[in-house]
Amino acid sequence: MDRKMITLSVDGKTVTVPEGTRILDACNVAGIKVPSLCYLEDVSAHGSCGICVVEIDGYKRLVRSCLHTVKQDMVIHTHSNRVMSARKLNLELLLANHPLLCTTCERNLNCELQALALQLGVRESRFERTKKSIRPIDDSSPSIVRDPNACILCNRCVEVCANVQEVHAIEMMQRGLRTTVSTFFDEGLASSVCTNCGQCSLVCPTGAITEKSHESAVFDAIADPNLVVLVQTAPAIRVGLGEAMGLGEGSLVTGKMVSALRTLGFDRVFDTQFSADLTIMEESHELIQRLTNGGTLPMITSCSPGWIKFIETFYPDQLEHLSSCKSPQQMFGSIAKTYYAEQAGIDPRNIRVVSIMPCTAKKFEAGRSEIDSAFSYWRDKGSFTDDEYFCDVDYVLTTRELARMLKRIGIDFAHLEDGKFDDPLGQSTGSAVLFGATGGVMEAALRTAYETITKTKLDALEFEQIRIGAGIREATIMIGETPLKVAVANTLANARVLLDQIQEGKSPYAFIEVMTCPDGCLGGGGQPIPTNKEIRRKRAMSIYEEDRGMPIRKSHENPSIQELYTSFLKQPLGHLSHQLLHTTYVKRGAYPE
Amino acid sequence: MNDRANEIAAIVSKHRERHGALLSILEAVQRTNEHNYLPKQELVMVAKELGVPLSQIYSVVTFYAFFNLKAQGEHVITVCRGTACHTRGSKPLLDNVLHMLGIELDEDGMATTPDYRFTVHTVACFGQCALAPVIAIDEVIHSMVTEEKLATMIEALSARKEGA
Ligand code: SF4
Ligand code: SF4
Ligand code: FES
């Protein structure tokens, strides 16, 4: 399997790299990071911007180092005058059509175009704008806002949507000066097959794709003395937020995050991990029930809302494979506005639930019309009338939005003391934190299902085979004497592979976990920018570290969850569970009728 | 509409295995459309039959100038708005045609009469600057057009029987 090695010269330095290496990467080996813009490892190699050009002896034209691979004895010059002025020219041409509104842009100080202008020494805009029209902003989606005027046509969003997610919501439309990224008939993301995953917002080098912000609404809710504002934090926030606040990649900041949220003014700081444990209780019992009663198998997890919209859109006939469990975010909302409201003596109409999510699709999920269980619970009791309607979850902030809010109040994040979550909806286990990484829901469910089925203690808690790794991983887990065949997929392209298998009746699995984003929530569309493979790995290691350090590591041993069942829900899959914690799905289809 | 759906399904299945199928299919669908264009519902039918994403279909039809996304009249009048034509009076010519037909250009520089007899649209430049002002009627280029000449040609077309 040994790859042939190629020797070449980069700025007079001799380097040896495997055949097939991109010129750009070979230069990196020689210690030169060639500036690039449209290229993005594992996502996009479209070669449209011309920033990464280098000069090669014997080649008449400058060569785009992101597109071409090395050849034996190449002599490369990465910063000849010709190269430097070509890069600058290409950048200036892009800037001519880019609004120079950096100070008011969401990506100010975290923009690849801005950084390049600084790096390449662009100090003036020499060229006239060539594009004539101002294009409308697409804010039809509950999750994503697209501003084509800030777009530099790098094609990254199109490729991530088409290749990583296999959704194809957006494409390059028109030609020449009118070229733009858009949807079918420019109808907007909301009427498209878009899953709201936000991967496009994560890869966009500029401020052309951002999340739909709930920041002001949350500031307002916090400031309103009549409201009790509860915040819940998804597992992946504690391994992402630190990066956006200037700490190292993947730094684990659970305690600081709790203190920061308290300082921001939330009345209670709770944890989505509490409801992740609750999800495991319901979902593992659902699995056991399906296994013993001949229910539909494989059962597939349902906590990733991008994935839910994906299967509803592209595989509407396979919905019975989905677990009926709501996601942890939504379970939290319905428990907070029923059980917790009763217990704490707060009028649920005055409660606002804010979620901090690594995810843009959670904004869509919170607005799904079939999810209003807390309100129905009270209405059925005769407490409220229809016009007092409220949702289970009121606002959803991405990791990036939270970081912006924290910066806005001037918090010194790095020096915060570690805070502790409030009780009871702040208590959680090691199983729950695993939800933040691909394979984690499966691992957590197996820990509980194993002990529930076999009634014996599980000693080896860590299921290495299904932890972060390939896009699809499978394992056979012995539950006592019975083998359970499971699979884990991350990204929607990988989910497609497992769904096609199911559709052909060839799926060998009993239980499948699907996460929408690369490596799971820690690579979510709402996480700090940049997010790449290396960073995702570091975040995952922090997740595993947090699990190991938790005093309780199995969901069913969470005392607050046990109490919730004893005093309120009674039993998993019971009557109240069905009302509050389970949901239904919508057959959407990929083409309008 | 149902007949049209069957017709489109037939076009798709005729071409589907061939190289460059999408372009030939779209071309055939446009050609067989009553008003020589690709309405949204027909593009949805093609996408669905062929199993390609809607975004991809739209990308293709907006890339090629050949495809029409708006209903076209029986006769297509193309007015050149290049610099040479402009200085030799293409703007008054354009205004005149529009006035005669009682229509106004939309934001894409196109207009069609309600009876679908005429479509008027502009192009940036024909590349026939020496012959300016230039106007094409049903793809035949007419050079050094005057207002009178244009009026006569349009009247002649109007007088012709529909579909003749
Ligand atoms: S949010 Fe996801 S599905 Fe929607 S356009 Fe962006 S990448 Fe595609
Ligand atoms: S929207 Fe962003 S990612 Fe997409 S093409 Fe434009 S600049 Fe690139
Ligand atoms: S980075 Fe290579 S062409 Fe854009």
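Note: hydrogens, waters and symmetry copies are ignored here, and every other heavy atom, side chains too, is used. In this text the structure is predicted, and so the values were computed from the model without any measurement. To find a chain, count down the sequence lines: A is the first, B the second, and so on, and within it residues start at 1.
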Could you tell me whether [X] atom [atom1] has more than 12 heavy atoms of other residues or ligands within 6.0 Å of it?
{"X": "Tyr116(B)", "atom1": "OH", "value": "no"}
{"X": "Lys149(B)", "atom1": "NZ", "value": "yes"}
{"X": "Phe127(A)", "atom1": "CZ", "value": "yes"}
{"X": "His46(A)", "atom1": "NE2", "value": "yes"}

Might you point out which heavy atoms bring [X] and [Y] nearest each other, and give the distance in Å?
{"X": "Phe185(A)", "Y": "Leu38(B)", "answer": "CZ-O, 4.4 Å"}
{"X": "Arg178(A)", "Y": "Asp108(B)", "answer": "NH2-OD1, 3.6 Å"}
{"X": "Ala169(A)", "Y": "Ser55(B)", "answer": "O-CB, 3.7 Å"}
{"X": "Thr183(A)", "Y": "Tyr58(B)", "answer": "O-CD2, 3.5 Å"}
{"X": "His168(A)", "Y": "Gln56(B)", "answer": "ND1-OE1, 3.7 Å"}

Where the side chain of Ser59(B) meets the backbone of Met172(A), is there a donor-acceptor pair that is under 3.5 Å apart?
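Such a contact is found between Ser59(B) side chain and Met172(A) backbone.
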Which answer fits Glu166(A), side chain, backbone, both or neither, if we ask what part of it has an atom under 4.5 Å from a heavy atom of chain B?
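Neither part; nothing is under 4.5 Å.
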Tyr591(A) side chain reached by Met45(B) side chain, heavy atoms, under 4.5 Å
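They are not in side-chain contact.
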Distance from Met173(A) atom CE to Phe63(B) atom CZ, nearest 0.5 Å?
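Rounded to the nearest 0.5 Å, the CE-CZ separation comes out at 13.0 Å.
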To the nearest 0.5 angstrom, please state how far the OG1 atom of Thr62(B) sits from the CD atom of Gln174(A).
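Atom-to-atom, Thr62(B):OG1 and Gln174(A):CD are 4.5 Å apart.
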Under a 4.5 Å heavy-atom cutoff, which of Val52(B), Leu69(B), Val60(B) has the most pairs with chain A?
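Highest number of heavy-atom pairs under 4.5 Å: Val52(B).
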